[in-house]
Amino acid sequence: MIKIIASDMDGTLLNNENSISEGNASAIKKAQAMGVTFVVATGRSYDEVKPLIDAVGINAPMINFNGGATTTETGAQIHSFPILKDEAKKVIELLKNEHVFFKIMTSDGVYSDDPLKYDEAVVKLQLQPIHYVDSYNEIIDNTEIDLFKVLIRKTDGADDLSVIKNKIEENTTLVVTSSGDNNLEVNHGNAQKGIALKRFADDLGIPMSDVMAIGDNLNDISMLKVAGVSYAMENGHQENKDVANHRAKTNVENGVGIAILEQLSQE
């Protein structure tokens with residue numbers, strides 16, 4: 001019996017209008033009414049996701065920053081794995097030397113030190129306001145702020161991001177994943193969706209055989225591997241499809257909702 005359902009947001013639960021469809025929301029609410037715990041598992045922060053699920057009347061705990069933080073329905077942190085300050089400075093120095101564009105996601109919001117590289121299209125995709133600083137060290141050295149994720153975006157004419165990925169992995173203990181072909185996401189080594197989902201299930205005393213996970217991209221693979229029931233989105237990365245034991249319709253065809261109802265019908 002499925003007791004936990006974990007879903008990614010972008011490219012999975014969200015459609016191309018950056019919202020949750022009525023079909024997806026209805027299926028989630030049906031699962032919750034049957035006693036199933038629904039948890040959002042995303043690279044985004046709690047503050048980014050909360051308005052999106054509130055808009056369709058869903059209340060749920062979250063795995064944020066790819067597993068960097070796990071929060072209750074009200075936003076209280078259950079587990080937290082921020083990037084250590086020395087590792088943060090090391091990766092930022094590396095990225096500066098490589099002249100790539102990146103921003104940092106923290107417990108105090110999103111920060112950038114280069115406002116000129118934010119074009120209108122990028123700003124529209126940003127669900128939180130961007131704070132600008134002269135130096136990232138202002139944030140890293142602030143003991144009241146935790147750094148959870150470094151988000152690297154590929155710009156026109158930039159080198160293949162796989163080169164950057166390899167350099168980060170060779171020079172730090174951080175984990176590097178991706179939520180799209182044009183980005184890299186850098187987190188603490190323990191900040192992975194699969195690790196966070198298993199920890200979440202363990203806290204509830206639920207075996208992974210009773211856990212369902214749905215995702216579309218590389219930062220979802222770790223949770224697809226650990227969940228007893230796993231769905232890869234039809235619009236997702238081929239590696240996800242190779243790992244998952246089920247296939248879901250696309251994010252614009254209520255793929256999440258249909259997958260949930262499929263599993264509920266077997267209970």
Does K249 NZ have over 12 foreign heavy atoms under 6.0 Å away? no

Between D202 and K198, is the salt bridge (Lys or Arg N to Asp or Glu O under 4.0 Å) condition met? List the steps. CA-CA 6 Å; D202 287 346; K198 186 177 187 308; 3.0 Å; yes

In terms of side-chain heavy atoms, does S19 have a donor or acceptor partner in N15 at a distance below 3.5 Å? yes

Are any of the side-chain heavy atoms of Q192 and N187 separated by less than 4.5 Å? no

Compare every heavy atom of L224 with every heavy atom of A213, then report the nearest pair and how far apart it is. O-CD2, 3.6 Å

Nearest atoms (heavy-atom pairs only) where D146 meets S80: OD2-OG, 4.5 Å

Has K225 got a side-chain atom pairing as donor or acceptor with G194's backbone, closer than 3.5 angstrom? no

Heavy-atom distance under 4.5 Å between the side chains of V36 and I260, does that happen here? no

Any donor-acceptor N or O pair under 3.5 Å, side chains N217, S179: no

Quick check: is V229 connected to V256 through a chain of hydrophobic side chains (ILVMFWY, heavy atoms under 4.5 Å apart)? yes

Quick one: does any side-chain atom of N183 pair with a main-chain N or O of R153 as donor and acceptor, under 3.5 Å? no

Nearest atoms (heavy-atom pairs only) where A248 meets G255: CB-O, 3.8 Å

With hydrophobic residues grouped by side-chain heavy-atom distances under 4.5 Å, do F81 and I63 end up in a single group? no

Quick check on D181: does its CG atom have over 12 non-hydrogen neighbours (other residues, nucleotides or ligands) under 6.0 Å away? no

Would you check, one step at a time, whether the test side chain to side chain contact (heavy atoms under 4.5 Å, CB included) holds for K96 with F102? CA-CA 9 Å; K96 287 292 185 183; F102 64 98; 4.1 Å; yes

Closest non-hydrogen atoms of G228 and N245, given as atom of the first, atom of the second and distance, are O-ND2, 3.1 Å

Trace of the side chain to side chain contact (heavy atoms under 4.5 Å, CB included) decision for N59 with K50: CA-CA 8 Å; N59 196 26; K50 193 66 166 68; 4.2 Å; yes

About how many Å separate CE of M223 and OG of S7, when rounded to the nearest 0.5 Å? 6.5 Å

What I'd like to find out is whether the side chain of Q32 reaches to under 4.5 Å of the side chain of I58, using heavy atoms alone. yes

Option among D8, D10, N66 that satisfies the side chain to side chain donor-acceptor pair (under 3.5 Å) test with R44: D10

So, taking the atom named CD1 in I152 and the one named CG in L161, what distance separates them when rounded to the nearest 0.5 Å? 7.0 Å

Which heavy atom of V110 sits nearest a heavy atom of M105, and at what distance? CG2-CG, 4.3 Å

Atom pair CG (L264) and CD1 (I2), whose distance is rounded to the nearest 0.5 Å: 8.5 Å

Are any non-hydrogen side-chain atoms of I92 and I140 less than 4.5 angstrom apart? yes

d(E234 CD, R247 CZ) to nearest 0.5 Å is 5.0 Å

Looking only at heavy atoms, which two atoms of G43 and K149 are closest? And how far apart? O-NZ, 2.9 Å

With rounding to the nearest 0.5 angstrom, report the CG to CG distance, L147 to N142. 11.5 Å

Please check if V133 and V150 belong to a single hydrophobic cluster, counting links between Ile, Leu, Val, Met, Phe, Trp and Tyr side chain heavy atoms closer than 4.5 Å. yes

CG (N18) and CG (L52) are apart, to the nearest 0.5 Å, by 6.0 Å

Which label fits Y231 and H246: parallel for a plane angle under 30°, tilted from 30 to 60°, or perpendicular past 60°? parallel

State yes or no: do I168 and I104 share one hydrophobic cluster built from I, L, V, M, F, W and Y residues joined by side-chain heavy-atom distances below 4.5 Å, directly or via other members? yes

Got a sec: does the CG of D54 have more than 12 other heavy atoms crowding it under 6.0 Å? yes

Assess, by modelled atom type and distance only, whether the side chains of Q238 and D242 contain a donor and an acceptor separated by less than 3.5 Å. yes

Indicate yes or no for a side-chain donor-acceptor contact from T177 to the backbone of N219 under 3.5 Å, with no hydrogens or angles considered. no

Do the side chains of M62 and F200 get nearer than 4.5 Å, heavy atoms only? no

Side-chain contact test, heavy atoms from C-beta onward, threshold under 4.5 Å: evaluate it for Y136 versus S112 and give yes or no. yes

Please determine whether residues F38 and I53 belong to a single hydrophobic cluster, defined as Ile, Leu, Val, Met, Phe, Trp and Tyr linked transitively by side-chain heavy-atom distances below 4.5 Å. yes

Can you name the one residue among K85, K90, K89 that meets salt bridge (Lys or Arg N to Asp or Glu O under 4.0 Å) with E87? K90

Is a side-chain donor or acceptor of S107 paired with a backbone partner of I145 at a separation under 3.5 angstrom? no

Does one side chain, of N254 or S21, offer a donor that lies under 3.5 Å from an acceptor on the other? yes

Tell me, yes or no, whether the heavy-atom count around Q77 atom CD, taken from other residues, nucleotides or ligands under 6.0 Å, exceeds 12. yes

Mind checking whether F148 and F65 have parallel, tilted or perpendicular rings, split at 30° and 60°? parallel

Candidates T71, T70, D203 - the one meeting side chain to side chain donor-acceptor pair (under 3.5 Å) with H79: D203

With side chains defined as the heavy atoms from C-beta onward, is the minimum distance between M233 and N240 less than 4.5 Å? no

Worked check of side chain to side chain contact (heavy atoms under 4.5 Å, CB included) between I28 and L13: CA-CA 10 Å; I28 291 168; L13 184 57; 3.8 Å; yes

Main-chain N/O of G11 paired to N235 side chain as donor or acceptor, under 3.5 Å: yes

Could you walk me through whether V56 and E22 pass side chain to side chain contact (heavy atoms under 4.5 Å, CB included), step by step? CA-CA 7 Å; V56 291; E22 183 179 339; over 6 Å; no

Within the 3.5 Å criterion, strictly below it, is a donor on N251 or N16 matched to an acceptor on the partner's side chain? yes

Examine distances only and state if a side-chain atom of S265 and a backbone atom of E262 form a donor-acceptor pair shorter than 3.5 Å. yes

